[in-house]
Visitor: 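This is the structure, below, for whatever I ask next.
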2 protein chains.
Amino acid sequence: MANTQFTNVGIIFGDVLRRYRSERNLSQEELAHRAGVDRTFISRLERGIRQPTITTLLGLGAALGVPAAELVKATEAEWLKRAEG
Amino acid sequence: MANTQFTNVGIIFGDVLRRYRSERNLSQEELAHRAGVDRTFISRLERGIRQPTITTLLGLGAALGVPAAELVKATEAEWLKRAEG
DNA sequence: ATGTAGACTTGAGTCGACC
DNA sequence: GGGTCGACTCAAGTCTACA
């Protein structure tokens with residue numbers, strides 16, 4: 001049953017996504033449209049209820065005008081920070 | 001039905017993953033063990049048949065001793081290159 | 001414009017097996 | 001050690017609807 005240590009990744013990614021979206025004054029609906037996904041899915045991502053695949057990540061990055069790698073980097077940094085608590 | 005433009009992301013990521021694994025002289029089995037996933041799943045990832053979620057990405061990065069963001073960056077760069085063909 | 005939720009289809013990720 | 005596959009479970013992602 002591996003990966004108990006990665007349990008919070010979705011929550012952290014949700015925070016990151018919401019922050020990037022807010023900074024750009026995009027609505028969930030507009031982001032969803034640009035990224036080619038459903039609005040309710042964005043809502044679930046931001047709340048950490050769902051997790052993106054790498055394809056979705058690239059779509060979100062393109063929609064936000066930021067490399068997907070940057071979203072992952074921010075998520076990873078926050079995750080490492082919380083992991084060492 | 002969005003995202004036809006992202007169709008090849010899985011293939012590209014598979015190439016990237018295999019390259020990073022090979023450079024570290026890791027077997028699929030060892031990588032799978034370290035990342036906490038199944039060996040056959042690594043095989044499918046490398047062949048582009050399956051795609052990782054962000055949680056799996058962080059696990060793979062940790063297993064390879066490289067930031068997951070770097071794997072995404074490499075994937076994204078290759079994807080942009082192929083996209084402009 | 002967002003939260004939430006149920007019901008749905010497809011795909012992530014496992015397990016066992018064989019080449 | 002790796003490829004491949006079928007069958008399985010559960011989660012990704014959609015769609016509709018209401019607060």
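Treat the numbers as computed from the prediction; the structure is a model and nothing was measured. The chains referred to below are lettered A, B, ... by the order of the sequence lines, with proteins before strands, and numbering in each begins at 1.
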Visitor: Taking the side chain as every heavy atom from C-beta outward, state whether B/Thr53 and B/Thr56 have any atom pair closer than 4.5 Å.
Guide: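 Yes, at least one pair of side-chain atoms sits under 4.5 Å.
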Visitor: Rounded at 0.5 Å granularity, tell me how far CG in B/Asn8 sits from OG1 in B/Thr75.
Guide: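 Going from CG on B/Asn8 over to OG1 on B/Thr75, the span is 12.5 Å.
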Visitor: Strictly below 4.0 Å, N to O, side chains only: are A/Glu78 and A/Lys81 in salt-bridge contact?
Guide: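 Yes, A/Glu78 and A/Lys81 are salt-bridged.
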Visitor: Who are the side-chain hydrogen bond (donor to acceptor under 3.5 Å, both in side chains) partners of B/Arg18, not counting sequence neighbours?
Guide: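 B/Arg18: side-chain hydrogen bond (donor to acceptor under 3.5 Å, both in side chains) contacts with B/Glu46.
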Visitor: Measure the spacing between CG of B/Asp15 and CZ of B/Arg19 and express it to the nearest 0.5 Å.
Guide: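 Here the rounded value is 8.5 Å.
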Visitor: What's the angle between the local helix axes at either end of the helix from C/dT2-D/dA19 to C/dC19-D/dG2, using five pairs per end and rounding to 10 degrees?
Guide: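 Computed angle between terminal axes is 40°.
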Visitor: Over how many whole Å does the gap from A/Asp38 atom CG to C/dT9 atom C1' extend?
Guide: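 Answer to the nearest Å: 13 Å.
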Visitor: Check the distance between D/dG13's P and A/Ile42's CD1 and give it to me in whole angstrom.
Guide: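 These atoms are roughly 10 Å apart.
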Visitor: For nucleotides 3-11 of chain D, read 5' to 3', which letter fits each nucleotide if B means a protein heavy atom sits under 4.0 Å from the base, S means only the sugar-phosphate is that close, and - means neither?
Guide: BBBBB----
Visitor: Using the side chain to side chain contact (heavy atoms under 4.5 Å, CB included) criterion, which residues pair with B/Arg44? Sequence neighbours excluded.
Guide: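 Partners of B/Arg44 by the side chain to side chain contact (heavy atoms under 4.5 Å, CB included) criterion, ordered by chain and then number, come out as B/Thr40, B/Arg47, B/Ile49, B/Arg50.
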Visitor: Restricting to side chain to side chain contact (heavy atoms under 4.5 Å, CB included), what partner residues turn up for A/Ala63, sequence neighbours left out?
Guide: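 Result, side chain to side chain contact (heavy atoms under 4.5 Å, CB included) vs A/Ala63: A/Leu31, A/Arg34, A/Ala35.
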Visitor: Nearest whole Å is fine: how far is D/dA12 C1' from A/Ile54 CD1?
Guide: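 Whole-Å distance recorded here is 15 Å.
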Visitor: With no hydrogens and no angle check, is any side-chain donor or acceptor of A/Arg21 less than 3.5 Å from a backbone partner on A/Leu64?
Guide: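 Pair absent, no side-chain N/O of A/Arg21 close to backbone of A/Leu64.
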Visitor: If you measure from CD1 on B/Ile11 to CZ on B/Arg82, what distance do you get to the nearest 0.5 Å?
Guide: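 It comes to 8.5 Å.
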Visitor: Grab the CZ-P distance between A/Phe41 and C/dT4 for me, whole Å please.
Guide: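 Atom CZ in A/Phe41 sits about 16 Å away from atom P in C/dT4.
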Visitor: Without decimals, in angstroms, what is the distance between B/His33 NE2 and C/dT14 P?
Guide: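 Roughly 13 Å, once rounded to whole Å.
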Visitor: Could you state the CG-C1' distance from A/Leu57 to D/dA12, rounded to the nearest angstrom?
Guide: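 My rounded result for the distance is 12 Å.
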Visitor: For residues 63-78 of chain B, which residues have at least one heavy atom under 4.0 Å from DNA chain C?
Guide: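 The stretch gives none, as no residue of it lies under 4.0 Å from the strand.
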Visitor: Between A/Glu76 (side chain) and B/Ala69 (backbone), is there a donor-acceptor pair under 3.5 Å?
Guide: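 Here the side-chain-to-backbone pair exists.
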Visitor: Whole angstrom is fine here: how far is it from CG in A/Leu31 over to P in C/dG3?
Guide: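 To the nearest whole Å, that distance equals 12 Å.
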Visitor: Hey, could you give me the CD1/CG distance between B/Ile12 and B/Leu17, rounded to the nearest 0.5 Å?
Guide: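 One finds 13.5 Å between CD1 of B/Ile12 and CG of B/Leu17.
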